[in-house]
Amino acid sequence: MLEQAGVMFDNMEAMMYRLKKKAYKERMEQFREKNEAILSEMTGFVEQAEEQERDKAAAQAAKALANAVEARFAKRGKISGRSQMDINLFMIYFVFPAILLTQSEYAGRLADAIRDEWRAHFKNSAQLSYTTYEEISGTFQEKFLGLF
């Protein structure tokens with residue numbers, strides 16, 4: 001499951017470059033469109049599990065995602081501190097909000113499981129958390145009189 005999840009991080013640097021409100025909206029739409037199958041696979045895996053097994057299913061999806069990211073970015077079994085910070089930012093700006101935008105009833109449960117797995121799995125990720133697309137988008141300043 002989720003062996004191809006590493007492709008979600010294609011063009012990570014370009015996606016994060018000079019983020020402004022309009023660019024963030026456009027890039028999020030592109031990200032969601034490109035990764036719709038992976039996002040659906042993750043949320044669907046949790047949705048299809050029996051109620052008492054949903055937390056376990058979310059944890060399995062989270063572990064699969066962490067393993068896919070590690071396989072993609074690790075060199076000699078480790079991810080550099082700088083790369084990990086870039087990956088964490090990408091998770092916060094794109095992956096978590098995209099999961100929450102799926103409108104799955106269990107998207108929050110999946111995001112919680114990914115956050116917890118991420119904190120345990122990766123060095124320098126102990127403080128990782130997530131927020132919604134709307135909250136992130138709202139933090140970008142609008143242009144004031146067209147000046148900035």
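It should be emphasised that the depicted structure is a prediction, and the values quoted were computed from it without experimental measurement.
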Worksheet entry | Criterion side chain to side chain contact (heavy atoms under 4.5 Å, CB included) on V7 and I38, from CA distance to verdict | CA-CA 9 Å; V7 300; I38 296 168; 3.7 Å; yes
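- Qualifying side chain to side chain contact (heavy atoms under 4.5 Å, CB included) partners for E51, counting only residues two or more places apart in sequence or in other chains: R54, Y106, R109.
- Note that CG of L128 and CZ of F96 are 5.0 Å apart. Values are rounded to the nearest 0.5 Å.
- In terms of the side chain to side chain contact (heavy atoms under 4.5 Å, CB included) criterion, K20 has no residue partners (sequence neighbours excluded).
- Checked against ring pair (Phe, Tyr, Trp, His ring centres under 6.0 Å), F31 has the following partners two or more places apart in sequence or in another chain: F90, F94.
- Here S80 pairs with S83 under the side chain to side chain donor-acceptor pair (under 3.5 Å) rule; sequence neighbours left out.
- Across all their heavy atoms, S129 and I92 have their closest contact at O-CG1, 3.4 Å.
- For N88, the side chain to side chain donor-acceptor pair (under 3.5 Å) criterion is met by Q84, W118, S125, not counting sequence neighbours.
- Enclosure of atom CD in Q127 is not indicated, since only 12 or fewer non-hydrogen atoms of other residues, nucleotides or ligands lie within 6.0 angstrom.
- Judged as a salt bridge (charged side-chain N to carboxylate O under 4.0 Å, His left out), and not counting sequence neighbours, the contacts of D112 are R115.
- Listed here is the closest heavy atom pair of E47 and S104: OE2-OG, 2.5 Å.
- For E50, the CD atom sits in a loose shell: 12 or fewer heavy atoms of surrounding residues, nucleotides or ligands are nearer than 6.0 Å.
- Remark: R32 pairs with M28, A98, L101 by the side chain to side chain contact (heavy atoms under 4.5 Å, CB included) rule, at least two apart or across chains.
- Minimum interatomic distance between A111 and L100 (heavy atoms only, all atoms of both residues): CB-CD2, 4.1 Å.
- To the nearest 0.5 Å, atoms CD1 (I87) and CZ (F122) are separated by 6.5 Å.
- Note that the CD1 atom of I79 and the CG atom of D86 stand 11.0 Å from one another [nearest 0.5 Å].
- Across E41 and Q4, no two heavy atoms sit closer than the pair OE1-NE2, 3.2 Å.
- With sequence neighbours excluded, no residue forms a side chain to side chain donor-acceptor pair (under 3.5 Å) with T102.
- Linking Ile, Leu, Val, Met, Phe, Trp and Tyr whenever their side-chain heavy atoms come within less than 4.5 Å puts M15 and F140 in one cluster.
- Within 6.0 Å of CD on E29 lie more than 12 heavy atoms contributed by other residues, nucleotides or ligands.
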Pairs of donor and acceptor atoms involving the side chains of residues 67-76, under 3.5 Å and at least two apart or interchain, shall be tabulated with distances.
unit_1, atom_1, unit_2, atom_2, d
N67, ND2, K63, O, 3.3
E70, OE1, H121, NE2, 2.9
R72, NH1, G6, O, 2.8
R72, NH1, D10, OD1, 2.5
R72, NH2, D10, OD1, 3.0

Item to complete: Would you sort out whether L65 and M8 count as a side chain to side chain contact (heavy atoms under 4.5 Å, CB included), showing the intermediate values?
Response: CA-CA 10 Å; L65 176 61; M8 290 195 321; 3.9 Å; yes
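- Using a distance-only test at 3.5 Å, with no hydrogens or angles considered, no donor-acceptor pair links the side chain of S137 to the main chain of Y133.
- In this structure, the separation between CD1 on I114 and CE on M91 is 5.5 Å, given to the nearest 0.5 Å.
- Heavy atoms only, all atoms of each residue included: A57 and A49 are closest at CB-CB, 3.7 Å.
- Nearest heavy-atom pair across G108 and Y130 is O-OH, 3.6 Å.
- In this structure L89 satisfies the side chain to side chain contact (heavy atoms under 4.5 Å, CB included) test together with M16, Y93, sequence neighbours excluded.
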